[in-house]
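Residue numbers start from 1 in every chain, and the chains themselves are labelled A, B, ... in the order their sequence lines are given, proteins ahead of strands. What you see is a predicted model; the values in this text were computed from it and never measured. Note: hydrogens, waters and symmetry copies are ignored here, and every other heavy atom, side chains too, is used.
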2 protein chains.
Amino acid sequence: MSIKTVSNVVNDHPHVRPEMRERVRAVIDRLDYRPNGIGRQLRQGRTGLVALALPNVTYPYYGELTSALVTAARARGLTLLVEQTDADLEREREVAAGFPVRMVDGLVFVPLTMGVEELALRRDRTPAVLIGEHGDGSGLDRVTIDSIDIGTTATQHLLDAGRRRIAFLGDKSAHRSPVVAQRAAGYRTALERSGIEVDPDLLWPVPEWERRHGFEGATELLRAHPDVDAIFAANDLIAFGAMRALRLLGRRVPDDVAVLGVDDVEGAQYSAPTLTSIALDRSEMADLALGLLADRLAGSDAPPRLLSVKGELVVRESTGG
Amino acid sequence: MSIKTVSNVVNDHPHVRPEMRERVRAVIDRLDYRPNGIGRQLRQGRTGLVALALPNVTYPYYGELTSALVTAARARGLTLLVEQTDADLEREREVAAGFPVRMVDGLVFVPLTMGVEELALRRDRTPAVLIGEHGDGSGLDRVTIDSIDIGTTATQHLLDAGRRRIAFLGDKSAHRSPVVAQRAAGYRTALERSGIEVDPDLLWPVPEWERRHGFEGATELLRAHPDVDAIFAANDLIAFGAMRALRLLGRRVPDDVAVLGVDDVEGAQYSAPTLTSIALDRSEMADLALGLLADRLAGSDAPPRLLSVKGELVVRESTGG
DNA sequence: AACCGTGATTGCAACGTTGGAAGGCAGTCA
DNA sequence: TGACTGCCTTCCAACGTTGCAATCACGGTT
């Protein structure tokens, strides 16, 4: 029998006599033949691979996002390939330039340090979707988070709980990151709306959004401003670090200082005290991102689209809930 | 100029006149030409892709392992492709059979429910490495963890802290998992060595090794056995869940009940109280696994190798450290 | 001037697959 | 019996690359 007939059987081509079909199947089974993906993909011009490039899978938020993307990709017959940038500019540039492999159909990208202007200059033509807070001008499809809204919601919740000296822990002076800018902007808005003057000293910077820096940041913050009665942490990891710091400083949470995070990471339900946070629907984000990508893979050349996901406040013990 | 000359330039072939090299480069740049990975890989018979199949990236332990593998793979010029099985037997079988894509050079596999006998029957010929505790007989290279040792170390530490009613939280009756068997065996050994009778009631089962089940398991455990003065949790997630349960039950950790986990997940340093755990070096494991795989990719047909990683006790607050 | 050697360039084939067209075969109809 | 039809199978080419062999240009040698 010919090679092509085997191909026809494998691909369920209509015109194959059942008898022949059986015969081929038998031989395939006997020889343990596996159709070679590379050959197939070379012929078809697509691989079914999608690259995901994000800072680091160990951060719970990114881990959960990765997991959601793997699942969403699977549902669409795609497979995810993971690359970590560690938020390093050079690595992000490599990704934008086409790294890791020249064989993916699309890219889901979570850049942290690279600016939109630079992204716009990307010459690689594989379709890409950005996830996160990035300004206009990249020319790419995006799934974004309404971080201003997150900032106001968070701050308002703390105000409603009667707090007045609310610090924002997680300012990043180093990167001119839009995420930070937005969350901080929301924080400002909420305070001003309540007629409370924004104390710039309470916008406290941390080098990275990790537990360790939340810990150190909170320690310094409370040394400098012992009257702080609430911490709005830029993400849950910072909040966890801050809560540990408060414990060591002998401040009770939420009695003395309320703490609130963002992301609603799995662990937020099990910390002591449990952490009030703003939940972001990772599955939804993953689904939206792959939807945008799928449209591009199908050949869409519509102008770049922007989909936004809202955060939802989940009240727990750390703010007195 | 010919296609082949372009190929020569791209691949830094020695005999190309500098002038020609420049000319080609210029054109490449102007046309934004990117060598097509699929064609190249078809020619060379390898893709540089390695599949990683594990239960779920959201579990901190697996997330950290994934991260380490991504990094280790990168260091070897390989790219990792991630697939989640959710510890589902059917999904694990698909992976063993060659899913997700027929185009990876190797597989790093963390099966939870599939038995070694079945793995031995795997017909797919792509080299595979197992990570985790699995018995002999799979015929595959393995990176394993000395879980018996972990069990004794953990239990001994609790004994040294003066505890006598030590429960093992994380027994899995459902799966006849070797991990559990080994950690439980170590637990038994340590108790017997100290002349303490093993109370089978204190081997407490949980359906999955997640925070939630640690919480529920500990709640039930302490209702049934209020005299328990220490919990050896099968992993950190269970321990976190257990600590929350203890808090709600009004038991102080470590004063009333000591808690100890396994994995030394990042969050163990920030829980309240911080969690004593047994650290497993993820980077080392990743490196060993990819080393084994690399040997196979290089053509080695040596008999299956077994590399073992030891756990290291890290004492923190939850056991009175 | 014919020859040689070296380095630079090109041509050919093959990797494994599949779309499309062509070929073969049996059964049907005139 | 010959033409036609419809189903099944086979053949050819192409996807983009690179190893190998062949070709070509050119300066140096005899």
**Message:** Ignoring hydrogens and geometry beyond distance, is the side chain of Arg40(A) in donor-acceptor contact with the base of dT17(C) at under 3.5 Å?
**Reply:** no
**Asked** With Glu83(A), which residues qualify under salt bridge (Lys or Arg N to Asp or Glu O under 4.0 Å), at least two apart?
**Response** Arg74(B)
**Asked** Considering residues at least two apart in sequence or located in another chain, which fulfil the salt bridge (Lys or Arg N to Asp or Glu O under 4.0 Å) criterion with Glu266(B)?
**Response** none
Report all side-chain donor-acceptor pairs from residues 140-147 of chain A shorter than 3.5 Å, counting only partners two or more places apart or in another chain.
from, atom 1, to, atom 2, distance (Å)
Asp141(A), OD1, Arg296(A), NH2, 2.9
Asp141(A), OD1, Arg305(A), N, 2.7
Asp141(A), OD2, Arg296(A), NE, 2.7
Asp141(A), OD2, Arg296(A), NH2, 3.4
Arg142(A), NH1, His134(A), O, 2.2
Arg142(A), NH1, Gly135(A), O, 3.3
Arg142(A), NH2, Asp136(A), OD1, 2.3
Thr144(A), OG1, Gly132(A), O, 3.1
Asp146(A), OD1, Ile148(A), N, 3.4
Asp146(A), OD1, Asp149(A), N, 3.1
Ser147(A), OG, Glu133(A), OE2, 2.4
Ser147(A), OG, Arg183(A), NE, 3.1

**Item:** Asn11(A): side chain to side chain donor-acceptor pair (under 3.5 Å) partners, not counting sequence neighbours
**Value:** none
**Prompt:** In terms of the nearest nucleotide of DNA chain C, which residue is placed more toward the 5' end: Arg17(B) or Gln44(B)?
**Reply:** Arg17(B)
**Item:** Between dA14(C) (C1') and Leu42(A) (CG): distance, integer Å
**Value:** 12 Å
**Prompt:** Any side-chain donor paired with an acceptor under 3.5 Å for Gln84(B) and Tyr62(B)?
**Reply:** no
**Prompt:** Are more than 12 heavy atoms from other residues, nucleotides or ligands located less than 6.0 Å from atom CD1 of Ile3(A)?
**Reply:** no
Which pairs of donor and acceptor atoms, one on a side chain in residues 16-28 of chain B, lie under 3.5 Å apart (sequence neighbours left out)?
from, atom 1, to, atom 2, distance (Å)
Arg17(B), NH1, Glu19(B), OE1, 3.4
Arg21(B), NH2, His13(B), O, 3.2

**Asked** To the nearest angstrom, how far is Gln41(A) atom CD from dT17(C) atom P?
**Response** 11 Å
**Request:** Scan for salt bridge (Lys or Arg N to Asp or Glu O under 4.0 Å) pairs involving residues 62-72 of chain B, sequence neighbours excluded, and state none if there are none.
**Result:** Glu64(B)-Arg282(B)
Could you list the donor-acceptor pairs under 3.5 angstrom formed by side chains in residues 39-51 of chain A, with sequence neighbours left out?
from, atom 1, to, atom 2, distance (Å)
Thr47(A), OG1, Leu49(A), N, 3.1
Thr47(A), OG1, Met103(A), O, 2.7
Thr47(A), OG1, Asp105(A), OD1, 3.2

**Message:** Quick check: do Trp209(B) and Val179(B) have side-chain heavy atoms less than 4.5 Å from each other?
**Reply:** yes
**Fill in**
To the nearest 0.5 Å, atom OG1 of Thr5(B) lies from atom NE2 of His15(B) at 13.5 Å
**Request:** Could you list by number each residue of residues 23-35 of chain A showing a heavy-atom separation from DNA chain C of less than 4.0 Å, or answer none if no residue does?
**Result:** Tyr33(A), Arg34(A), Pro35(A)
**Message:** Please list, in numerical order, the residues of residues 5-15 of chain A that have a heavy atom closer than 4.0 Å to any atom of DNA chain C.
**Reply:** Ser7(A), Asn11(A)
**Request:** Have a look at the helix from dA1(C)-dT30(D) to dA30(C)-dT1(D) and give the angle its two end axes make, five pairs each, rounded to 10 degrees.
**Result:** 80°
**Message:** Expressed as a whole number of angstroms, how long is the span from Lys4(B):NZ to dA13(C):P?
**Reply:** 15 Å
**Request:** State which residues pass salt bridge (Lys or Arg N to Asp or Glu O under 4.0 Å) with Glu118(B); sequence neighbours excluded, sorted by chain then number.
**Result:** Arg93(B)
**Item:** Range on DNA chain D touched by chain A - first to last nucleotide, heavy-atom distance under 4.0 Å
**Value:** dC8(D) to dG16(D)
**Request:** Quick one: pull up OG1 in Thr71(A) and CG in Asp86(B) and give me the separation to the nearest 0.5 Å.
**Result:** 6.5 Å
**Request:** Would you mind reading off the distance between Met103(B) atom CE and dT17(C) atom C1', rounded to a whole angstrom?
**Result:** 13 Å
